[in-house]
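Okay, structure first, notes after.
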Amino acid sequence: MKIFDYEDIQLIPNKCIVSSRSECDTRVTLGNHQFKMPVVPANMQTIVDEKLAIWLAEQGYFYIMHRFEPNRRATFIKEMSDKNLISSISVGVKKEEYCFVTELAANDLVPDYVTIDIAHGHANSVIEMIQHIKKELPTTFVIAGNVGTPEAVRELENAGADATKVGIGPGKVCITKLKTGFGTGGWQLAAVHHCSKAARKPLIADGGIRTHGDIAKSLRFGATMVMIGSLFAGHDESPGELIEEDGVKMKEYFGSASEYQKGERKNVEGKKMLLPYKGSLADTLKEMEQDLQSAISYAGGTDIEAIRKVDYVIVKNSIFNGDRI
Ligand SMILES: NC(=O)C1=CN([C@@H]2O[C@H](COP(=O)(O)OP(=O)(O)OC[C@H]3O[C@@H](n4cnc5c(N)ncnc54)[C@H](OP(=O)(O)O)[C@@H]3O)[C@@H](O)[C@H]2O)C=CC1
Ligand SMILES: Nc1nc2c(ncn2[C@@H]2O[C@H](COP(=O)(O)O)[C@@H](O)[C@H]2O)c(=O)[nH]1
């Protein structure tokens, strides 16, 4: 298996077949719905809240609400369905989560998407939760993770997952690799590639996206959708706290396994950081869409399928030539 990460890859252009980048179509289908872009903000408390989730759904973007306000989830599903918007929530694997899923079914509250969100997703606890959701809510699209191996993708798919999420430790606020020595940090793109060979269903690349070009690279190496935290942190709409020091505005971004999220120092595998304030999320999403349209044009196509087939070279950490954006 070849080992590489986002920085090590350059995609090779094909002859352009559009007269304007605006002709390129960035839409993607996941489950029964089509979305504007193959990108989803991370289901983390400093990245998404209900207000932003509603806005994203209204604008035609995919979203996944986090699971850290568990008692709000049923009401949220109801409110989204009253507004005729897609509902997409997260669950864990503890006992009370089984009861929650059963109660949803009993109350005829059927979310469109449920993401099982735990650190080490290649586990019987996740397999059993997939089976429980599929039994209680058979029409719900189930995303399961996180994993980092083809074996895990296969097992979760066989248990009934409709998509799997790949990425153990490549995240910006992740310290799993430092605390445990395990993960896909430093070779996340190769792990996505490796897992995609085994996948028969959509795969979500999660963590390690540092530039918009990394989205195109994820698609090239087998992702259907890309989950992003840090690039979406720091906006007006981001729930993280705004902090101003010496006239410089910053917003906080913390890991779901950080002590700030957990409220205690137990099994901490995440940290907090301050990121520069970036203004409006709508502007960032627009720029992301334009960059992806441009990537499609370099791929020589008119939609994201074109990116999946392009050639590439491995240029081991040299593409920035010392420059950073
Ligand atoms: N993508 C990534 O690389 C990572 C993401 N995270 C994020 O942090 C949040 C918290 O994750 P998590 O700690 O799983 O959630 P929880 O604290 O809800 O743990 C879920 C359950 O899984 C058990 N569990 C968790 N990790 C392991 C493990 N390594 N081995 C055996 N059992 C385990 C927990 O038990 P117990 O606590 O007693 O072990 C608990 O019962 C999630 O949102 C997750 O996405 C965290 C780390 C890595
Ligand atoms: N190891 C940890 N990973 C975490 C934690 N909280 C979230 N995450 C993962 O990071 C990505 C976002 O990555 P980014 O590079 O785009 O910022 C997120 O989707 C989770 O999978 C954590 O505390 N520890």
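Counting starts at 1 for both ligands and their atoms, in listed order. As the structure is a computational prediction, the values presented were derived from the model and not from experiment. Only this structure's heavy atoms are used, side chains among them; waters, hydrogens and symmetry mates stay out.
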Per-atom contacts of ligand 2 with [X], taking only distances under 4.0 Å to non-hydrogen atoms:
X      : value
Ala257 : 22 (C), 23 (O)
Gly207 : 13 (O), 15 (O)
Cys174 : 1 (N), 2 (C), 3 (N), 24 (N)
Gly208 : 14 (P), 15 (O)
Asn146 : 21 (O)
Ile228 : 16 (O)
Met227 : 19 (O)
Met44  : 6 (N), 7 (C), 18 (C)

Closest approach of any protein heavy atom to [atom], naming residue and atom:
atom                    : result
atom 16 (P) of ligand 1 : Arg67 NH2, 3.9 Å
atom 14 (O) of ligand 1 : Ala119 N, 2.7 Å
atom 38 (O) of ligand 1 : Lys266 NZ, 4.2 Å
atom 7 (C) of ligand 1  : Ser256 CB, 3.9 Å
atom 17 (O) of ligand 1 : Lys94 NZ, 4.1 Å
atom 16 (O) of ligand 2 : Gly229 N, 2.7 Å
atom 21 (C) of ligand 1 : Val93 CG2, 3.6 Å
atom 36 (P) of ligand 1 : Asn267 OD1, 4.5 Å

- Close side-chain approach of Ile47 to Pro41, heavy-atom, < 4.5 Å: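 Contact flag for Ile47/Pro41 side chains = yes.
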- Item | Side-chain touch Asp8/Tyr6, heavy atoms, less than 4.5 angstrom |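 Side chain of Asp8 against side chain of Tyr6, heavy atoms only: no contact under 4.5 Å found.
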- Might you work through the side chain to side chain donor-acceptor pair (under 3.5 Å) test for Thr211 and Asp214, ending with a clear yes or no? CA-CA 5 Å; Thr211 65; Asp214 294 345; 3.2 Å; yes
- Task: Please confirm whether Gly171 comes within less than 3.5 Å of ligand 2 when only nitrogen or oxygen atoms on both sides are compared.
- Result: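 No - when backbone and side-chain N and O of Gly171 are compared with those of ligand 2, no distance drops under 3.5 Å.
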- What's the verdict on side chain to side chain donor-acceptor pair (under 3.5 Å) for Asp236 and Ser280, showing C-alpha distance, side-chain angles and the deciding distance? CA-CA 5 Å; Asp236 283 325; Ser280 153; 5.4 Å; no
A cation-pi test, strictly: NZ or CZ of [X] under 6.0 Å from the centre of the six-membered ring of [Y] and no more than 45 degrees from its axis. Yes or no?
X      : Y      : value
Arg73  : Phe100 : yes
Lys251 : Tyr277 : no
Lys272 : Tyr260 : yes

- Task: Using a cut-off of 6.0 Å, state whether more than 12 heavy atoms not belonging to Arg27 lie near its atom CZ.
- Result: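 12 or below, so no.
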- Message: A quick test of your reading: do over 12 heavy atoms of other residues, nucleotides or ligands sit less than 6.0 Å from CZ of Arg21?
- Response: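 No, the 6.0 Å shell around CZ holds no more than 12 heavy atoms from other groups.
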- Item | Audit row: Thr115, Ile89, side-chain contact (heavy atoms from CB on, under 4.5 Å) steps and yes/no | CA-CA 6 Å; Thr115 298; Ile89 60 156; over 6 Å; no
Side chain, backbone, both or neither: [X] near ligand 2, heavy atoms under 4.0 Å:
X      : answer
Lys165 : neither
Leu231 : neither
Tyr253 : side chain
Lys271 : neither

- Check: His120 N/O within less than 3.5 Å of ligand 1 N/O: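 Not met; the criterion fails.
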- Can you find an N or O of Thr176 that's nearer than 3.5 Å to an N or O of ligand 1?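 Checking ligand 1 against Thr176, no N or O pair falls under 3.5 Å apart.
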Taking only heavy atoms of [X], which atoms of ligand 1 are found under 4.0 Å from at least one of them?
X      : answer
Glu269 : 47 (C)
Gly167 : 1 (N), 2 (C), 3 (O)
Ile168 : 3 (O)
Asp117 : 42 (C), 43 (O), 44 (C), 45 (O)
Gly169 : 2 (C), 3 (O)
Ala257 : 8 (O), 46 (C)
Ile118 : 14 (O), 20 (C)
Phe68  : 43 (O)

- Query: Protein heavy-atom contact under 4.0 Å for atom 20 (C) of ligand 2?
  - Reply: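 When distances to the protein are checked, atom 20 (C) of ligand 2 has a heavy atom within 4.0 Å.
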- Message: Any protein heavy atom at under 4.0 Å, with atom 26 (N) of ligand 1 as the reference point?
- Response: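 No, there is none.
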- Query: Is the distance between the ring centroids of Tyr61 and Phe35 under 6.0 Å?
  - Reply: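 Not close enough - the centres of the two rings lie 6.0 Å or further apart.
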Shortest non-hydrogen contact from [X] to [Y]?
X      : Y      : answer
Leu109 : Leu137 : O-CD2, 4.0 Å
Glu128 : Tyr98  : CB-OH, 3.3 Å
Tyr63  : Leu56  : CB-CD1, 3.8 Å

- Query: Is the Phe221 ring parallel, tilted or perpendicular to the Phe4 ring (thresholds 30°, 60°)?
  - Reply: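 Phe221 vs Phe4 ring planes: tilted.
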- Item | Mutual orientation of the aromatic rings belonging to His66 and Phe68 [parallel < 30°, tilted 30-60°, perpendicular > 60°] |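 Parallel.
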- Message: Any heavy atom of Gly167 closer to ligand 2 than 4.0 angstrom?
- Response: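 False for this residue.
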- Message: I'd like to know whether ligand 2 has Arg210 as a neighbour, heavy-atom separation below 4.0 Å.
- Response: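 Yes, Arg210 has heavy atoms under 4.0 Å from ligand 2.
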- Heavy-atom contacts under 4.0 Å between Asn43 and ligand 1: side chain, backbone, both, or neither?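 Answer for Asn43: neither.
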- Query: Where on His66 is there a heavy atom closer than 4.0 Å to ligand 1, on the side chain, on the backbone, on both, or on neither?
  - Reply: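 It is neither part, as no heavy atom is under 4.0 Å.
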- Can you list the steps and then say if Lys78 with Asp108 is a salt bridge (Lys or Arg N to Asp or Glu O under 4.0 Å)? CA-CA 10 Å; Lys78 172 135 196 3; Asp108 210 14; over 6 Å; no
Which option wins on minimum heavy-atom distance to [atom]: [options]?
atom                    : options                        : answer
atom 22 (C) of ligand 2 : Lys262, Glu269, Lys272         : Glu269
atom 5 (C) of ligand 2  : Gly183, Gly270, Gly169, Ser256 : Ser256
atom 11 (C) of ligand 2 : Val268, Asp206, Asp214, Leu275 : Asp206

- From the options Asp162, Thr140, Thr139, select the one residue that forms a side chain to side chain donor-acceptor pair (under 3.5 Å) with Lys134.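 The option that passes is Asp162.
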